[in-house]
Amino acid sequence: MRYISASEAKQRLAAVLDAAQREPVTIRRQNREVAVVLSPLDYRRLTAANVVEFQRFCDRVSDAARARGFTEEKLDELLAP
């Protein structure tokens, strides 16, 4: 991963965008990381991984609820007005 200052990013935006196609570019301001520039492909991979992990989490919660006797009928009762 490449690191640059915010002022350098501002002055060299085109170069930052080109570099982000090869690797993420972290922008720092006053020695703090404030942003990361990613290629669209890296961004899609990252968000897709989050969706898959969230689905796995939901499946684990569902399995645990079923194992404890929770049914769709009980859920409907809880959600009824």
Side-chain angles (χ1 to χ4, degrees):
M1 183 176 308
R2 186 172 167 197
Y3 296 87
I4 63 169
S5 69
S7 59
E8 182 182 357
K10 183 177 178 181
Q11 294 168 357
R12 302 184 57 224
L13 179 60
V16 170
L17 296 176
D18 289 341
Q21 299 309 304
R22 294 182 296 281
E23 65 181 334
V25 178
T26 300
I27 301 173
R28 291 179 172 166
R29 183 186 297 151
Q30 298 176 348
N31 294 322
R32 286 185 315 116
E33 296 178 358
V34 295
V36 177
V37 182
L38 301 170
S39 70
L41 178 60
D42 286 342
Y43 178 76
R44 283 192 293 276
R45 284 184 193 148
L46 183 62
T47 56
N50 286 338
V51 168
V52 169
E53 185 57 34
F54 181 69
Q55 184 60 54
R56 287 182 188 147
F57 168 76
C58 291
D59 292 344
R60 286 192 307 268
V61 169
S62 177
D63 292 344
R66 266 192 222 98
R68 291 182 175 92
F70 196 76
T71 64
E72 287 195 35
E73 290 77 22
K74 288 182 181 179
L75 178 61
D76 289 341
E77 287 175 25
L78 290 172
L79 297 176

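- When every heavy atom of Glu23 is checked against every heavy atom of Met1, the shortest pair comes out as OE1-N, 3.5 Å.
- Looking only at side-chain heavy atoms (C-beta outward), Gln21 and Pro40 come within less than 4.5 Å of each other.
- Interatomic distance, Arg12 CZ to Leu17 CG, rounded to the nearest 0.5 Å: 11.5 Å.
- Taking the charged nitrogens against the carboxylate oxygens, Glu77 and Lys74 have no contact shorter than 4.0 Å, which rules out a salt bridge.
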All N/O donor-acceptor pairs, side-chain side in residues 41-50, below 3.5 Å, sequence neighbours left out:
{"unit_1": "Asp42", "atom_1": "OD2", "unit_2": "Ser39", "atom_2": "OG", "d": "3.4"}
{"unit_1": "Thr47", "atom_1": "OG1", "unit_2": "Tyr43", "atom_2": "O", "d": "3.1"}
{"unit_1": "Thr47", "atom_1": "OG1", "unit_2": "Arg44", "atom_2": "O", "d": "3.2"}

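- Contact detail for Arg2 and Ala19: the closest heavy-atom pair is NH1-CB, 3.2 Å.
- Counting heavy-atom neighbours within 6.0 Å of Gln30 CD, excluding the residue itself, gives a total of 12 or less.
- Between Arg66 and Asp63 there is a salt bridge, with a side-chain nitrogen of the basic residue lying less than 4.0 Å from a carboxylate oxygen of the acidic one.
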N/O donor-acceptor pairs under 3.5 Å from side chains in residues 31-38, not counting sequence neighbours:
none

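- The minimum heavy-atom distance linking Ile27 with Ala9 is given by the pair CD1-CB, 3.8 Å.
- The distance from the CZ atom of Arg29 to the OG atom of Ser7 is 10.0 Å, given to the nearest 0.5 Å.
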